[in-house]
Amino acid sequence: MTETVVKKEKKVVDSIKKRKIKSETSPTKKMKKEKDSKKPSKNGAKKEIKDEVKEEFKDEVKDDDSSNSDDENDDTFKWWENTDDMDGEVKWENLEHNGVLFPPEYEPLPKNVKLYYDGKPVTLPKEAEEVAGFFGALLESDHAKNPTFQKNFFRDFKEVLQESGGCPDADIQEFSKCDFSKIFQHFDKLREEKKALPPKEKKKIKEEKEASEEKYKFCLLNGRKEQVGNFRIEPPGLFRGRGAHPKTGTLKRRVYPESITLNLGKDAPIPPPPAGHQWGDIKHDNTVTWLAMWKENIMGSVKYVRFSQNSSFKGMSDFKKFEKARELKKHVDKIRNDYRSKLKSSLMIDRQIATATYLIDVFALRAGGEKRDDEADTVGCCSLRFEHIFLKPPSTVIFDFLGKDSIRFYQEVQVDTQVFKNLKIFKKDPKKPGDDLFDRLDPSILNKYFQEFMPGLTAKVFRTYNASKTMQDQIDLIPNEGTVNEKVVAFNAANREVAILCNHQRTIPKAHQAGVQKINEKIEEMIWQKIKLKRIMLQLDKTMKKKELEYFEEIDDLTKEKEMEIVERWSQKELDRISKKFEKDKEKLKFEKKELSPEDYKVKSTEIKEDHKKKLESAKALIKQYKSEAKKQKYEEKSTYTAEKLKAQIDKLEERIKNTSLQLKDKEENSTVSLGTSKMNYIDPRLTVMFAKKFNVPIEKLFTKTLREKFAWAIESADADWKF
DNA sequence: CGGATAACTTAGTAGAGGTAAG
DNA sequence: CTTACCTCTACTAAGTTATCCG
């Protein structure tokens, strides 16, 4: 632990040094190229002509584009071919869309499914029943066991109950007397039924859903078709706040058209509101990029309907975000020198600014704005408190706090000695647990400081910069060799470094431990098979061992005891599997019984029994053979065996063992680290594209379909020698 | 100026969907 | 073909930052 962090500290110093060297050398070809790509209009003559043509047929750009693509109906707007006029207050000229999709009306529970109060079934008004249903559906989740969740839910449930006329059968006052299990079972049954639907039926339902949503999926932006993101209005439910959120469990009320504001072009037709309803408001604000909004009732915040991730707006702002992070490269030396010197400033505010900047730069902390007390108590850099850091002389700091999403940030690190001294000062005497470490700071002060060095520079840019920088450095270390699979693993390892830097975590999957054990057993069994084959090879020809000593070395790794253990385990699994299959078949037949004639049933029944018997017998024979082989340490030879054939089989096993081991390693190392977030938000996608091209890895192995769409601009603009 | 708010990005997770193993 | 598992997408909560407003 300590070691990696020491490295981290060193890395910063190193990269400061490196930067210096780089910036002192003469302007490189790369820099020139960068400059050019920023001003495409000053590119070669050919490009200029193309742009002119485009200008002339501005209204027909769509046609022009689709004509030069023969595989798909590619009518995407390639904004990245000209990134000149991306800034500006006005975001669009015209915007047309079909409004938003509302969740279906509440469907009351069947008459026989009821809440039980004090042991008796009670009837609820449908409004209250809906809320009870929200809780019932979650009954087996952790939320339902959380006292805050229960308290908030029950308060709102009672409120809705009162609003809707109360319960005629009982005076519902105590949560502990409520029994939601019948409701839970009902939803559980529905889920099962839905899952068990024949594939045809499922497909049909899906298609119907697609069709009804079609018109909301797209909108017209300046006459071009663009995809809308979250056009579905959030359905009512219970607020699932993360961590110790004071409001978790609160009822999230149904959203009606009356509370929705639409934003569209002045000339755009206003989509008709659902029958019997009116839109809350209509806006024509072309300085923003949302299509609709409403105010949510829990935190009082605003929810927006926006463009989808693959839209030009999102693409452009991603592009700008990463260009800004690359811009930081040019200033980061100066900034680092500045905050290092200010660490010793006689002004307290400057010392705090310098120390906070150090933490943001080195440990990738977030800015850390103030939070209200009706939110979960989480912190970032500026909001760190006395109790969040422990100082261990001479220069060790232990961070232990909850960050965004109540994810724990726990790191024991070595810091710069002056930083250590400063932190000690910030924790000095009158300060006590609960007090702010940086009592003079908030994110806006920090950001003002950053903007002295670079316009638009803010705290979050450091995370983007350091993440992408780390990725570039890691990729540079990967040798260009091996199989595609191995290269992907290497890429993921680099990705993982970034995720660790950003503290991107995930909960360990429930089945993780069992899964690891299973894979380990599988590997063991494959090795067992392999060694057996090698031993058979030797049985066939004893002289081989002398010729290829190394090849046969491993056969001694498998002791008699170990082999017997493996055989025992394998046998057990095999028998389990066969009896399970038998049970399943019987179960299935029971189901079909009604539709079969008695004769057919009998035939099938015996068929199943026969099949089971046969399988059992052959398994038993095999087990017997393996057991005796293990005991005697001598293996049965088949007449078809030849050295070549055995060798081929062994090679195949080797390959499978290698793959499975790789898979296991990946699984272990990724169990608590989430790679997705950094891939999606922090690593410049052009790095991933560069890796794909340079290492000859299909981009599909690195970006999922949605990411390929989101990062289309990067896929089309970066090549094998692109640098962050 | 400072707190509130608007508008945007970043985040983990539930559940759908796909795929390999049996 | 089914099951089990794993990956991906959709969802929406939770951040950051700029700006508004008294």
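Each chain gets a letter, A, B and so on, in the order its sequence line appears, and its residues count up from 1.
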What N/O pairs connect the protein and nucleotides 19-22 of chain B at under 3.5 Å? Give each pair on its own line.
| unit_1 | atom_1 | unit_2 | atom_2 | d |
| --- | --- | --- | --- | --- |
| B:dG22 | O3' | A:Arg577 | NE | 3.4 |
| B:dG22 | O3' | A:Arg577 | NH1 | 2.9 |

Atom pair distance, as rounded to whole Å: [atom1] in [X] and [atom2] in [N]:
X: A:Lys314; N: B:dC8; atom1: NZ; atom2: P; value: 8 Å
X: A:Arg372; N: C:dA14; atom1: CZ; atom2: C1'; value: 12 Å
X: A:Glu89; N: B:dC8; atom1: CD; atom2: C1'; value: 14 Å
X: A:Ile508; N: C:dC6; atom1: CD1; atom2: C1'; value: 17 Å
X: A:Ile683; N: B:dT10; atom1: CD1; atom2: C1'; value: 14 Å
X: A:Lys295; N: B:dT5; atom1: NZ; atom2: C1'; value: 9 Å
X: A:Leu291; N: B:dA6; atom1: CG; atom2: P; value: 18 Å
X: A:Ile360; N: C:dG15; atom1: CD1; atom2: C1'; value: 14 Å

Just to be sure I understand the rule, does [X] reach a base, reach only the sugar-phosphate, or reach nothing, if contact means heavy atoms closer than 4.0 Å?
X: A:Ser317; value: sugar-phosphate
X: A:Lys252; value: sugar-phosphate
X: A:Gly241; value: sugar-phosphate
X: A:Lys460; value: sugar-phosphate
X: A:Arg306; value: base
X: A:Asp318; value: nothing
X: A:Ala459; value: sugar-phosphate
X: A:Gly368; value: sugar-phosphate
X: A:Lys448; value: nothing
X: A:Tyr304; value: base

Verify the distance criterion only: is there a donor paired with an acceptor across the side chains of A:Ser674 and A:Gln505 at less than 3.5 Å? no
Report yes or no: do A:Thr378 and A:Lys371 form a side-chain donor-acceptor pair below 3.5 Å?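 A donor-acceptor contact under 3.5 Å links the two side chains.
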On the 0 to 90° scale, with breaks at 30° and 60°, tag the A:Tyr682-A:His504 ring pair as parallel, tilted or perpendicular.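 The arrangement is tilted - the two ring planes meet at 30° to 60°.
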Take atom NZ in A:Lys295; do more than 12 heavy atoms of anything else shown fall under 6.0 Å from it?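 No, because the 6.0 Å sphere around NZ of A:Lys295 holds 12 heavy atoms or fewer from other groups.
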A:Pro246 side chain near A:Asp373 side chain, heavy-atom distance below 4.5 Å: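 The answer is no; the side chains never approach within 4.5 Å.
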Comparing A:Met680 and A:Gly243 on DNA chain C - which has the more 5′ nearest nucleotide: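 Going by which nucleotide is closer to the 5' end, it is A:Met680.
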Nearest-nucleotide comparison on DNA chain C, the residue closer to the 5′ end among A:Lys705 and A:Gln451: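 Result: A:Lys705.
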Partner of A:His143 by ring pair (Phe, Tyr, Trp, His ring centres under 6.0 Å), out of A:Phe149, A:Phe239, A:Phe134: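 That would be A:Phe149.
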Got a donor-acceptor pair under 3.5 Å from the side chain of A:Lys321 to the base of B:dT9?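 Answer is no: no donor-acceptor pair is held.
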In terms of side-chain geometry, is the basic nitrogen of A:Glu207 or A:Lys204 positioned less than 4.0 Å from the acidic oxygen of its partner?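 A salt bridge is absent here (no side-chain N lies under 4.0 Å from a carboxylate O).
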Below 4.0 angstrom, N of the basic side chain to O of the carboxylate: do A:Asp318 and A:Lys710 qualify?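 Salt bridge present between A:Asp318 and A:Lys710.
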Pick out the pairs of N or O atoms, protein on one side and nucleotides 13-17 of chain B on the other, that lie under 3.5 Å.
| unit_1 | atom_1 | unit_2 | atom_2 | d |
| --- | --- | --- | --- | --- |
| B:dT13 | OP2 | A:Thr507 | N | 3.2 |

Of A:Cys502 and A:Thr287, the one whose closest DNA chain B nucleotide lies more 5':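 Nearest-nucleotide comparison on DNA chain B picks A:Thr287.
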Once rounded to the nearest 0.5 Å, what's the spacing between atom OG1 of A:Thr483 and atom NZ of A:Lys487? 8.0 Å
What's the spacing between A:Trp79 CH2 and A:Ser311 OG if we round to 0.5 Å?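 These two atoms lie 10.0 Å from each other.
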Could you list all the salt bridge (Lys or Arg N to Asp or Glu O under 4.0 Å) pairs where at least one residue sits in residues 247-256 of chain A, not counting sequence neighbours? A:Glu130-A:Arg254, A:Glu159-A:Arg253, A:Glu163-A:Arg253, A:Glu234-A:Lys252, A:Lys247-A:Asp374
Taking only the side-chain heavy atoms of A:Arg366 (C-beta and beyond), determine which of C:dT16, C:dA10, C:dT17 contains the nearest atom.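 Shortest atom-to-atom distance from the side chain points to C:dT16.
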Would you indicate which nucleotide in C:dT16, C:dT12, C:dA10 comes nearest to any side-chain atom of A:Ala367?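 In terms of side-chain proximity for A:Ala367, the closest of C:dT16, C:dT12, C:dA10 is C:dT16.
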Distance below 4.0 Å between A:His504 side-chain N/O and B:dT10 OP1 or OP2: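 Checking B:dT10 against A:His504, no side-chain N or O comes under 4.0 Å of OP1 or OP2.
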